[in-house]
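Numbers restart at 1 for each chain; the letters A, B, ... are given by sequence-line order, proteins then strands. Side chains are part of it too, since the values below use all heavy atoms of this structure and drop only hydrogens, waters and symmetry mates.
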Amino acid sequence: MASPDMAKAYDPSLAETKWYPRWEKRGYFAGKIEPGKEPYTIVIPPPNVTGMLTLGHVLNNTLQDILIRFEKMRGKSICWVPGTDHAGIATQAKVEAMLREEEGLTRRDLGREAFLARVWEWKEKYGGTIIRQLRSLGTACDWERERFTLDQRLSEAVEEVFVRLYEKGLIYRGTRLINWCPKTRTALSDEEVYHQTVKGHLWHIRYPFSDGSGHLVVATTRPETMLGDTAVAVNPQDERFQALIGKKLRLPLAGREIPVIADDWVKPEFGTGAVKVTPAHDPNDYEIGQRHGLEMINIFNDDATMNEAAGEDFVGMDRYECRESVVQQLTELGLLVKVDEYTHEVGYSERGHVAVEPRISAQWFVKMKTLAEPAIEAVNSGRIHFHPERWVKTYNHWMENIRDWCISRQLWWGHRIPAYYCQSCEHIEVSRETPTRCSGCGGTELRQDEDVLDTWFSSWLWPFSVFDWPHDNPDLRNFYPTQTLVTGPDIIFFWVARMIMAGLEFRGEIPFSNVYFTSIIRDADGRKMSKSLGNSPDPIDVIAEFGADALRYTVIYLAPVGTDIRYSNDKCELGRNFANKLWNAARFRQIQGEISPDWANLDGLDKSQLRPDDRWILARADAAIRNLTTHLDQFDFHAYALQLYDFVWSEFCDWYVESAKSAFYGESEERKRTTLRIFDHVYGQVLRLMHPVMPFVTEELYHNLGYVGDEGSVMLADWPRPLEAAEQERLGLDPTLVELVAEKFRLVRAGRNLRSAYNIPMAQKIDYFLKPTDAAFQEIIERDPASMQTLLNASKLTIDAAFEPEGSIPSAVEKHGLVYMPLTGLIDIDAELARLDKQRDELLRGLSALDNKLSNDKFVSKAPAEVVQRERQRQRELREKFDQVQALMSDLSRQR
RNA sequence: GGGCGUUUAGCUCAGCUGGCUAGAGCGCAUGCUUCACACGCAUGAGGUCACAGGUUCAAGUCCUGUAACGCCCACCA
């Protein structure tokens with residue numbers, strides 16, 4: 001026996017540091033145009049430049065890596081484009097915070113140009129950490145193609161798109177009520193607002209009529225906005241207020257005179273039936289204001305403090321401070337009728353995490369309706385497939401109710417809007433080049449819009465901007481459209497839907513044909529991973545402790561389709577143990593000597609040389625190849641992980657390797673050679689099947705065992721193919737054989753159970769007797785009694801269909817036979833009877849269910865013939881087994 | 001207010017188009033330093049498949065309703 005030169009346990013860090021640089025250097029990750037090969041492209045969902053690797057990224061990128069490696073092995077020409085997103089608000093805020101802390105400066109202190117220089121500086125120094133971290137996960141990204149959304153070329157794409165849409169009339173500048181974040185002081189899109197349930201109040205306020213003829217009571221959740229009221233609205237059908245419509249009210253605190261108007265929107269049953277109208281600060285009021293031509297009074301500064309329009313009592317106050325002050329003054333004036341507790345939903349800024357302030361302002365918008373139509377069609381026609389499919393509903397709902405997209409942001413970090421205002425006339429120039437002359441009045445003084453574009457305005461172009469669109473080039477034609485997008489369902493509106501629209505609009509083609517939505521990772525208690533909770537483990541630490549493969553495998557194993565994942569670090573033991581199991585199977589193999597020269601195929605193999613167990617493992621491997629391929633094809637990664645585990649650990653290691661030992665340590669050189677060849681063949685398949693999810697350990701082992709030379713790689717190996725029917729025939733892999741071998745293993749288990757019942761350790765060799773009750777089964781075990789002897793660790797195994805024990809000895813019944821453990825004098829008859837009694841009960845339960853079924857005429861006449869047939873067969877088998885158990889029991893009872 | 005998802009062993013989850021004496025991992029119990037692996041091996045215990053109806057020869061699997069938990073969308077002051 002050779003001594004192993006492999007360590008006793010797998011050390012992930014060795015393989016990880018060894019292989020990644022080699023793969024990269026040898027160009028395995030490079031996306032090349034390969035004529036005759038089908039391209040398979042994935043663009044990474046670009047993480048924020050400010051980002052650090054999280055478990056969410058681990059899941060997302062492992063999935064992409066699995067697909068890339070799988071498709072490469074299947075012979076496709078792969079290209080995985082990595083990159084990062086400039087993440088406007090997030091990055092700007094990060095650098096601003098740093099400036100504030102370290103230098104006590106604001107961005108305005110520095111000025112636009114100097115500030116941007118500092119952001120770039122920051123980006124070069126600290127940005128892209130996540131890109132470096134991704135490498136330690138093993139991702140096969142083409143790093144030569146790394147892109148950044150603010151790269152020169154990608155910025156050209158953004159400008160091009162802006163100009164094209166403007167020229168098409170799909171981008172316009174308008175003064176609208178938009179969502180304003182007072183913390184970051186910029187406009188937001190509707191998608192950047194999240195709602196929170198807030199316990200507030202409903203204040204009832206008395207508004208007196210100008211003519212002194214009494215008052216009207218309005219109800220509001222935001223009393224401070226009354227300073228901007230320009231009307232009070234009632235429902236035209238509401239009889240209580242019929243006579244009051246058109247009358248004037250004297251607005252308290254402000255002193256302004258405002259009309260009572262009638263609008264259908266007002267719900268008579270809510271509050272008092274009368275609504276104060278603040279068109280400049282509430283979306284509904286804005287609509288009413290539009291309909292009635294009301295004045296819009298903006299009472300807030302851009303940080304949500306009160307401006308002059310709020311009146312001198314309140315100017316400068318924060319909005320909440322102002323609220324208290326207004327309420328206090330109203331109380332003093334006796335105008336506050338009552339205050340109710342009131343729970344409602346309030347919009348918050350995703351960035352600033354403060355309540356959004358609706359605000360009238362001039363912004364740039366994209367008209368979405370016409371862009372959405374073809375995108376809806378693309379998904380509903382099935383050209384683009386969502387996994388899981390239910391997200392289509394969510395997508396459709398949003399798309400069908402889509403509203404114009406506010407794309408301008410009052411930030412500095414981002415793509416500057418390519419719009420130029422003529423200083424001499426009203427004209428706006430929108431162009432790719434900086435214009436020198438106004439096309440309206442000929443004026444030469446033009447000033448560029450100060451604002452930048454929403455980050456997503458560059459992200460939505462990502463699938464083609466990374467290939468240098470709008471410049472036509474071979475890469476763009478070859479790699480676009482991409483194949484699969486892997487992302488979280490949380491950005492289905494922000495990103496996925498918009499990419500589909502952009503792809504169709506600017507390339508005339510869908511950007512990808514499949515979208516896989518990942519699960520959300522939670523902690524063991526089901527809470528979202530978050531920094532503030534401190535329940536978000538650093539994947540880099542996990543990799544150091546368990547290995548990248550372990551982390552990858554575990555995360556995939558834990559990720560069912562479409563439900564959340566409950567993760568904790570200790571679960572990575574599963575992946576680590578699995579990698580170690582795989583490692584040790586190789587270590588065991590290495591001890592047996594050199595790898596078989598003809599491991600790669602089964603050509604020329606004579607089935608008569610094969611042990612039944614060899615044929616069994618070949619059949620099981622074939623089934624595994626089929627299933628695993630299907631699972632990956634269907635994006636069922638979880639099933640892929642489960643199936644791998646079961647095949648490798650249970651079928652290959654627990655049964656086949658143990659059985660193979662009988663051949664390895666047996667007399668026949670020929671048999672040993674054949675078994676080694678089968679072992680090598682199947683194990684080679686195992687390494688390839690596992691490679692997509694566990695790239696490092698499989699590569700290391702592929703080399704250690706000599707499947708490939710130094711310059712080769714499992715990454716370049718072919719994905720295992722299932723056997724043709726003719727080949728299965730030639731090798732004798734029929735289902736009956738497979739079932740008989742499985743039955744043999746069941747009998748082995750029954751034999752071991754006897755040992756266990758009598759506390760005889762596996763290490764102690766003992767005699768067994770085997771009594772087959774089925775001729776075909778007997779033939780199978782007699783063809784290779786050595787494997788069964790090894791599996792039972794029997795000193796002697798006697799196979800005898802006519803075996804009758806002398807006296808009582810422990811025994812067990814299986815479908816095709818009985819196993820006896822002769823232990824004269826040691827038998828515990830009561831224990832034996834109890835065990836058999838339990839088995840008999842189980843059989844009886846099964847039998848009575850079957851008897852009922854089969855004696856039911858309806859079942860026999862209505863169920864498919866093959867089902868009835870199968871149940872009859874089972875009934876026969878159970879009855880036979882039952883009779884055997886019964887016989888053993890009466891024997892034992894007599895001995896008592 | 002709409003929409004979606006989940007509910008199967010102590011825990012985390014499998015179980016496709018209905019045919020199951022309901023499976024795995026962890027944990028648990030017992031025994032093993034057996035010549036790959038204690039990150040291991042062997043054996044075993046553990047479930048009226050959330051609840052109530054219905055369809056069917058047959059339901060964890062299909063339908064209806066209920067409950068609990070979770071997520072998304074939504075301008076009712």
Side-chain angles (χ1 to χ4, degrees), chain A residues 1 4 6 8-10 177 195 202 218-222 225 233 265-267 270-272 274-278 282-287 342 344-345 347 358 388 390-391 393-394 397-398 401 489-490 492-493 520 522 524 526 546 550 557-558 560 562-568 570-571 573-574 576-592 634 636 638-639 642 645-646 650 653-654 657-658 661 665 749 752-757 759-765 793 842-847 849-850 853 856-864 867-868 870-871 874 878:
Chain A
M1 189 191 301
M6 283 170 66
K8 205 167 170 181
Y10 170 56
L177 189 74
H195 292 88
L202 198 55
V218 298
T220 181
T221 54
R222 299 197 59 193
T225 61
W265 179 81
V266 181
K267 298 260 188 305
F270 189 91
T272 62
V275 193
K276 61 187 269 314
V277 183
T278 323
D282 180 277
N284 296 305
D285 295 6
Y286 177 77
E287 297 288 323
Y342 188 64
H344 60 139
E345 298 287 313
R390 67 186 151 82
W391 291 109
K393 271 197 169 181
T394 308
H397 182 257
W398 187 74
N401 297 288
D490 49 330
I492 187 166
F493 308 137
I520 292 170
R522 299 174 174 282
F546 296 98
Y557 180 94
L558 291 175
T563 43
D564 296 352
I565 304 173
R566 288 174 179 239
Y567 173 91
S568 59
D570 55 357
K571 289 187 175 170
E573 286 179 10
L574 175 84
R576 182 198 58 186
N577 295 353
F578 192 32
N580 193 241
K581 187 72 183 175
L582 188 72
W583 174 268
N584 271 287
R587 185 165 181 265
F588 169 70
R589 175 59 189 85
Q590 201 185 47
I591 293 169
Q592 312 311 318
Q634 298 176 345
D636 196 349
H638 179 65
L642 291 179
Y645 198 93
D646 189 52
S650 309
C653 290
D654 287 350
V657 174
E658 293 307 317
K661 285 177 180 173
Y665 306 139
R749 180 161 281 171
R752 289 167 174 173
N753 183 324
L754 292 178
R755 260 181 196 281
S756 190
N759 275 323
I760 301 162
M762 271 303 282
Q764 187 183 331
K765 282 191 191 297
N793 197 27
E842 276 167 20
L843 287 168
L844 214 52
R845 237 185 317 133
L847 262 179
L850 275 174
K853 219 182 221 183
N856 182 348
D857 289 344
K858 284 184 185 163
F859 171 73
V860 178
S861 58
K862 289 196 173 178
V867 172
V868 178
R870 195 167 60 231
E871 299 293 57
R874 270 184 58 215
L878 285 190

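A residue-by-residue look at A:Asn793 and A:Ala9 shows that A:Asn793 has its nearest nucleotide of RNA chain B further toward the 5' end. Comparing A:Leu642 and A:Leu202 by the nucleotide of RNA chain B that holds the closest heavy atom to each, the one mapping nearer the 5' end is A:Leu642.
A:Tyr567 comes within 4.0 angstrom of no nucleic acid atom, judged by non-hydrogen atoms across all strands. Nucleic acid contact for A:Trp265: base, since at least one base atom lies under 4.0 Å from a heavy atom of the residue. Within 4.0 Å of A:Leu878, counting heavy atoms only, lies at least one base atom of the nucleic acid. Using a 4.0 Å heavy-atom distance criterion, A:Arg874 is classed as a base contact. Using a 4.0 Å heavy-atom cutoff across all strands shown, A:Pro864 reaches at least one base atom of the nucleic acid. At a threshold of 4.0 angstrom between heavy atoms, the contacts of A:Ala863 include nucleobase atoms, whether or not backbone atoms are also involved. Residue-level contact check: A:Arg752 touches the backbone only, with heavy atoms under 4.0 Å from sugar-phosphate atoms and none from bases. Here A:Arg222 lies out of heavy-atom contact (under 4.0 Å) with every strand. At the heavy-atom level, A:Val657 lies under 4.0 Å from base atoms of the strands shown. Within 4.0 Å of A:Asp570, counting heavy atoms only, lies no atom of the nucleic acid at all. At the heavy-atom level, A:Val266 lies under 4.0 Å from base atoms of the strands shown. Nucleic acid contact for A:Glu658: base, since at least one base atom lies under 4.0 Å from a heavy atom of the residue. Nucleic acid contact class of A:Lys661 (heavy atoms, under 4.0 Å, all strands): base.
Between A:Pro358 and A:Asp282, every side-chain heavy-atom pair lies at or beyond the 4.5 Å cut-off. Looking only at side-chain heavy atoms (C-beta outward), A:Phe588 and A:Lys661 come within less than 4.5 Å of each other. Side-chain contact between A:Arg566 and A:Leu558 is absent, with no heavy atoms from C-beta onward closer than 4.5 Å. Between A:Val867 and A:Phe859 there is a side-chain heavy-atom pair separated by less than 4.5 Å. Residues A:Thr225 and A:Lys276 are in side-chain contact: their nearest non-hydrogen atoms beyond the backbone lie under 4.5 Å apart. No side-chain heavy atom of A:Arg222 sits under 4.5 Å from any side-chain heavy atom of A:Thr278.
Across all strands shown, B:rC11 pairs with B:rG25; the Watson-Crick or G-U wobble distances both stay below 3.5 Å. Taking a pair to require two hydrogen-bonding distances under 3.5 Å in either a Watson-Crick or a G-U wobble arrangement, B:rC69 pairs with B:rG5. Applying the Watson-Crick and G-U wobble criteria (two distances, each under 3.5 Å), B:rC41 pairs with B:rG31. Pair assignment for B:rU56: none, as no Watson-Crick or G-U wobble contacts are both less than 3.5 Å.
Nucleotide B:rC72 holds its P atom 16 Å from the CH2 atom of A:Trp398, rounded to whole Å. At whole-Å resolution of the value, NZ in A:Lys858 and P in B:rU56 are 9 Å apart. Taking atom NE2 on A:His638 and atom P on B:rA24, their separation rounds to 14 Å, with Å as the unit. Separating the OH atom of A:Tyr286 from the C1' atom of B:rA77 is a distance of 19 Å, rounded to the nearest angstrom. Atom CG of A:Leu582 and atom C1' of B:rC39 are 13 Å apart (whole Å). Rounded to whole angstrom, the span from the CD1 atom of A:Ile760 across to the P atom of B:rC41 amounts to 22 Å. Between the CG atom of A:Asn856 and the P atom of B:rC57 there is a distance of 9 Å, rounded to whole Å. Rounding to whole angstrom units, OH of residue A:Tyr645 and P of B:rA24 are separated by 12 Å.
Here A:Asn577 reaches the OP1 or OP2 of B:rG40: one of its side-chain N or O atoms lies under 4.0 Å away. Residue A:Arg870 places no side-chain N or O under 4.0 Å from the OP1 or OP2 atom of B:rG19. Between A:Arg566 and B:rU12 there is a side-chain polar atom (N or O) within less than 4.0 angstrom of OP1 or OP2. Taking 4.0 angstrom as the limit, A:Asn401 places none of its side-chain polar atoms (N or O) nearer than this to OP1 or OP2 of B:rA74. For B:rA77, the OP1/OP2 oxygens have a side-chain nitrogen or oxygen of A:Tyr342 closer than 4.0 Å. Of the side-chain N and O atoms in A:Lys393, one or more sit less than 4.0 angstrom from OP1 or OP2 of B:rC4.
When the C1' atom is compared between B:rG15 and B:rU61, the two are found 9 Å apart, to the nearest whole Å. Taking atom P on both B:rG18 and B:rA59, the two are 13 Å apart, rounded to the nearest angstrom. Taking the P atoms as reference points, B:rA42 lies 47 Å from B:rG54, given to the whole Å. Distance check on atom P: B:rG23 versus B:rC28 gives 23 Å, rounded to whole Å. B:rU17 and B:rA24 are spaced 22 Å apart, taking the P atom of each and rounding to whole Å. Rounded to the nearest Å, the gap between the C1' atom of B:rG46 and that of B:rU8 is 14 Å. With C1' as the reference atom, B:rU33 and B:rA9 are 32 Å apart, rounded to whole Å. For the P atoms, the distance from B:rA45 to B:rG10 is 15 Å, rounded to whole Å.
For a distance-only test at 3.5 Å, the side chain of A:Lys8 fails to qualify as a donor-acceptor partner of the base of B:rC37. Judged by distance alone with a 3.5 Å cut-off, no donor-acceptor contact links the side chain of A:Gln592 to the base of B:rA36. Judged by atom type and distance alone, A:Glu345 reaches the base of B:rA74 through a side-chain donor-acceptor pair under 3.5 Å.
At least one test fails for A:Lys581 against the ring of A:Tyr645: distance under 6.0 Å to the centre or angle within 45° of the axis.
Closest to the A:His195 side chain, of the nucleotides B:rA74, B:rG44, B:rC37, is B:rA74. Closest approach to the A:Asn753 side chain among B:rG44, B:rU34, B:rU21 is made by B:rG44 (side chain taken as heavy atoms from C-beta onward). Of the listed nucleotides (B:rG70, B:rG19, B:rA36), B:rG19 has the atom at the smallest distance from the side chain of A:Val867. Distances were taken from every side-chain heavy atom of A:Thr221 (C-beta onward) to each of B:rC37, B:rU34, B:rA77; the shortest belongs to B:rA77. In this structure, of B:rA77, B:rG70, B:rG31, it is B:rG31 that holds the atom nearest to the side chain of A:Asn759. Of the candidate nucleotides B:rG19, B:rC37, B:rA77, B:rG19 has the atom nearest to the side chain of A:Phe859.
Atom CZ of A:Arg587 is separated from atom NZ of A:Lys8 by 6.5 Å, given to the nearest 0.5 angstrom. Atoms CZ and CG, from A:Phe546 and A:Asp570 in turn, are 7.0 Å apart once rounded to the nearest 0.5 Å.
Ring planes of A:Phe493 and A:Trp398: parallel class, angle under 30° (limits at 30 and 60°).
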